[in-house]
Amino acid sequence: MTQESATYKLPVHLKQLITSNQAFHYRIIPIKKEGTTLVFASDSKQPKSLQKELSIIFNSAIQITEETTEAIQSYLTLNYRKTTTAAQEKLQYEDNFLQKLIATAKDFGSSDIHMEPYEKFCRVRFRLDGKLKEQYTISNKEYPQLINQIKIQSGLDISQKRLAQDGRITFKAGTEEFDIRVSTMPTLHGEKIVLRLLNRNTQEVSLTDLGFTAHELLQYREASKQPQGIILISGPTGSGKTTTLYATLKELNKETSNILTIEDPIEYTLEGINQVQLREDIEFDFPAALRAFLRQDPDIIMVGEIRDDKTANMAIKAALTGHLVLSTIHTNSAWATISRLIDMNVPSFLIASTLTMSIAQRLVRKLCPHCKKEKNTETTDFPLTYDIPKDLKKYYIAQGCNQCYHTGYLGRKAIYELLPITKDLEQAIKSNQLQIDEYLSEHNISTLEDNAIRLVREGVTSVDEVYALLAKQ
């Protein structure tokens, strides 16, 4: 171990040998385990007394090598989190392991916990700001017991190991309570489990916090206040579409409106809104739910996702008959939504007369304000097909520090591409005109690419984070 190490990243099996508190208190870093001897590196000025104390603590022979203060500090900040909370303690397998694991993930701000069995061990990863990061390993002997514990708490069949199962856990940590969505999947070496942490406190979700520019927010609110029509939000899985829909429903949730949603699954509970869970096992799918909804005197209908022809046509029918319909769809851009609906056998004249606004959405990670670093613009940092703005002389890049778990990023922000359906676009839809680049330019409509480079210019995110959006197709 030397100061010249490039990343100061410890293997997970070594990092778990000691707790964060022990690492910072004794300023020690585990290097390796040779038989019954633990080898640590330290910058301590009293290696003999430290060696004796550690020998008692770990009940093992101890060997200590000297390292520079700078190197030890780099290893500590990258691999351990200095805190006094119990959630950050070493996670040995015990009765409250699951409790500690979930509390740790929640403390990190993680959205998902992935538990993946392999031939010799089980890997545990947290999803932080959209990216997976390995945190712990569990022995294969202990993993089955953990699976059963999760299945029992989520109401799943512990004897069924060959089929995927879905369940739900209500988790309490102190005064905080939130739901966890559980998904199991059989793999080569056992069942993989994914726990999705869902925050019940959706009252804090607001359209003003999501990433709309002032002009975009004004346009979107105007579209969502229409008494009828359909608003579609497109983007890949995990791009924040559902969050945008929930924030919209929160604003539209008035005593005078009857709001119904059909979701698969219901991720968050919204008081004052009638939320319905999809049940395909009893043939209660999106089209069936929409047919039932139209008999419930609704004002606003939210459909979790338009997946097929039947759902698309039922949503259009609901919009035609005097309802505001909100939904999501999987396309790459706001205009591509039109082609997708046509592929679903929705007549173009119906799309033109019902679609109020098409939106494309992505999530980008925000640079950590504590460690981001300024850099001169270089052409090699951008896609070859992208025309770099001449006035973009500098931008920021990710570094990594203790505040952001050495990822270089802290939090995420949505970027949007809003396309209000004007009279001109209605005609373009009816005539199956697929290219509207000239229209977008003439009307100063910001694309995902435009908003991505705007965040780079403002120092909010990095070129690496939005590289795919800047690469023209």
Side-chain angles (χ1 to χ4, degrees), residues 130 207 210-213 216-217 219-224 226 229-249 261-264 267 286 290 300-316 318-319 324-346 348 350-352 354-364 412-422 425-426 428-429 432-437 439-440 443 445-452 455 466 468-473:
L207 288 175
L210 296 182
F212 287 108
T213 64
E216 288 172 343
L217 184 58
Q219 285 184 310
Y220 183 64
R221 279 177 166 157
E222 184 177 329
S224 63
Q226 298 299 314
I230 184 167
I231 297 175
L232 294 178
I233 304 177
S234 66
T237 301
S239 59
K241 302 185 298 295
T242 302
T243 300
T244 300
L245 285 179
Y246 275 114
T248 306
L249 292 176
T261 76
I262 174 68
E263 304 171 60
D264 183 29
E267 294 195 7
F286 281 126
L290 278 168
I300 300 167
I301 298 172
M302 193 271 269
V303 182
E305 182 184 348
I306 292 181
R307 298 175 179 173
D308 51 42
D309 298 17
K310 287 184 179 180
T311 307
N313 280 282
M314 283 298 300
I316 293 293
L324 177 63
V325 179
L326 308 172
S327 190
T328 69
I329 194 168
H330 286 285
T331 61
N332 291 326
S333 68
W335 186 244
T337 294
I338 312 302
S339 299
R340 181 75 179 116
L341 289 173
I342 292 173
D343 289 341
M344 290 180 172
N345 298 314
V346 179
S348 56
L350 287 181
I351 300 173
T354 56
L355 187 61
T356 305
M357 177 175 281
S358 180
I359 302 169
Q361 175 175 347
R362 299 291 188 277
L363 282 179
V364 296
R412 290 189 290 177
K413 188 180 185 72
I415 57 174
Y416 296 91
E417 179 179 294
L418 268 67
L419 189 62
I421 306 302
T422 62
L425 288 181
E426 283 184 22
I429 294 170
N432 292 323
Q433 180 182 339
L434 299 179
Q435 297 298 326
I436 60 165
D437 291 345
Y439 176 90
L440 297 177
H443 291 79
I445 293 176
S446 297
T447 63
L448 288 171
E449 175 190 315
D450 295 331
N451 282 324
L455 293 187
V466 299
L469 292 175
L470 299 181
K472 297 178 181 177
Q473 301 298 320

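In what follows, residues are counted from 1 in the order of the sequence shown. Every value quoted in this text rests on a predicted model; they were computed, and no experiment measured them.
Shown here for Met344 and Asp308, the closest heavy-atom pair between the two residues is SD-O, 3.8 Å. Across every non-hydrogen atom of Pro420 and Leu425, the tightest pair is O-CD1, 3.3 Å. Taking every heavy atom of both residues into account, Thr311 and Ile306 meet most closely at CG2-CA, 4.1 Å. Residues Ser224 and Leu324 come closest through the heavy atom pair O-CD2, 3.2 Å. Minimum heavy-atom separation, Leu350 to Thr354: O-OG1, 2.7 Å. The two residues Phe212 and Leu207 come nearest to each other via the heavy atoms CD1-O, 3.7 Å.
To the nearest 0.5 angstrom, Ile351 atom CD1 is 8.5 Å from Ser339 atom OG. Interatomic distance, CG of Leu418 versus OH of Tyr220, reported as 8.5 Å (0.5 Å rounding). The CG atom of Leu245 sits 10.0 Å away from the OG1 atom of Thr261 when rounded to the nearest 0.5 Å. Separation of atoms OG1 (Thr213) and CG (Asn451) is listed at 6.5 Å; rounding is to 0.5 Å. The distance from the CD1 atom of Ile415 to the CG atom of Leu448 is 5.5 Å, given to the nearest 0.5 Å. The CD atom of Glu305 sits 4.0 Å away from the NE2 atom of His330 when rounded to the nearest 0.5 Å.
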Report the C-alpha separation of Met314 and Ile301 in whole Å, then their side-chain angles, then the decisive distance to 0.1 Å, and conclude whether the side-chain contact (heavy atoms from CB on, under 4.5 Å) test is met. CA-CA 11 Å; Met314 283 298 300; Ile301 298 172; over 6 Å; no

Under the side-chain contact (heavy atoms from CB on, under 4.5 Å) rule, what do Asn432 and Ile342 come out as? Steps first, then yes or no, please. CA-CA 9 Å; Asn432 292 323; Ile342 292 173; 3.7 Å; yes

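For Thr337, the side-chain contact (heavy atoms from CB on, under 4.5 Å) test picks out Leu232, Ser234, Ile329, Thr331, Leu341, Ser358, with sequence neighbours left out. The ring-ring contact (aromatic ring centres under 6.0 Å, His included) search around His443 returns Tyr439, not counting sequence neighbours. Residues meeting the side-chain contact (heavy atoms from CB on, under 4.5 Å) test with Leu363, sequence neighbours left out: Arg412, Ala414. For Thr356, the side-chain contact (heavy atoms from CB on, under 4.5 Å) test picks out Ala223, Gln226, Ile231, with sequence neighbours left out. Partners of Phe286 by ring-ring contact (aromatic ring centres under 6.0 Å, His included), not counting sequence neighbours: none found. Residues passing the side-chain contact (heavy atoms from CB on, under 4.5 Å) test with Thr447 are Glu417, Leu440, Glu449, Asp450, sequence neighbours excluded.
Between the Ser327 side chain and the Val303 main chain, a donor and an acceptor come within less than 3.5 Å of each other. Without hydrogens or angle criteria, Glu426 side chain to Ala428 main chain gives no donor-acceptor distance under 3.5 Å. Using a distance-only test at 3.5 Å, with no hydrogens or angles considered, no donor-acceptor pair links the side chain of Thr328 to the main chain of Ile233. Counting only distance, with no hydrogens or angles, the side chain of Lys241 and the backbone of Gln361 share no donor-acceptor pair below 3.5 Å.
Within the 4.5 Å cutoff, the side chain of Leu419 has heavy atoms near those of the Ile436 side chain.
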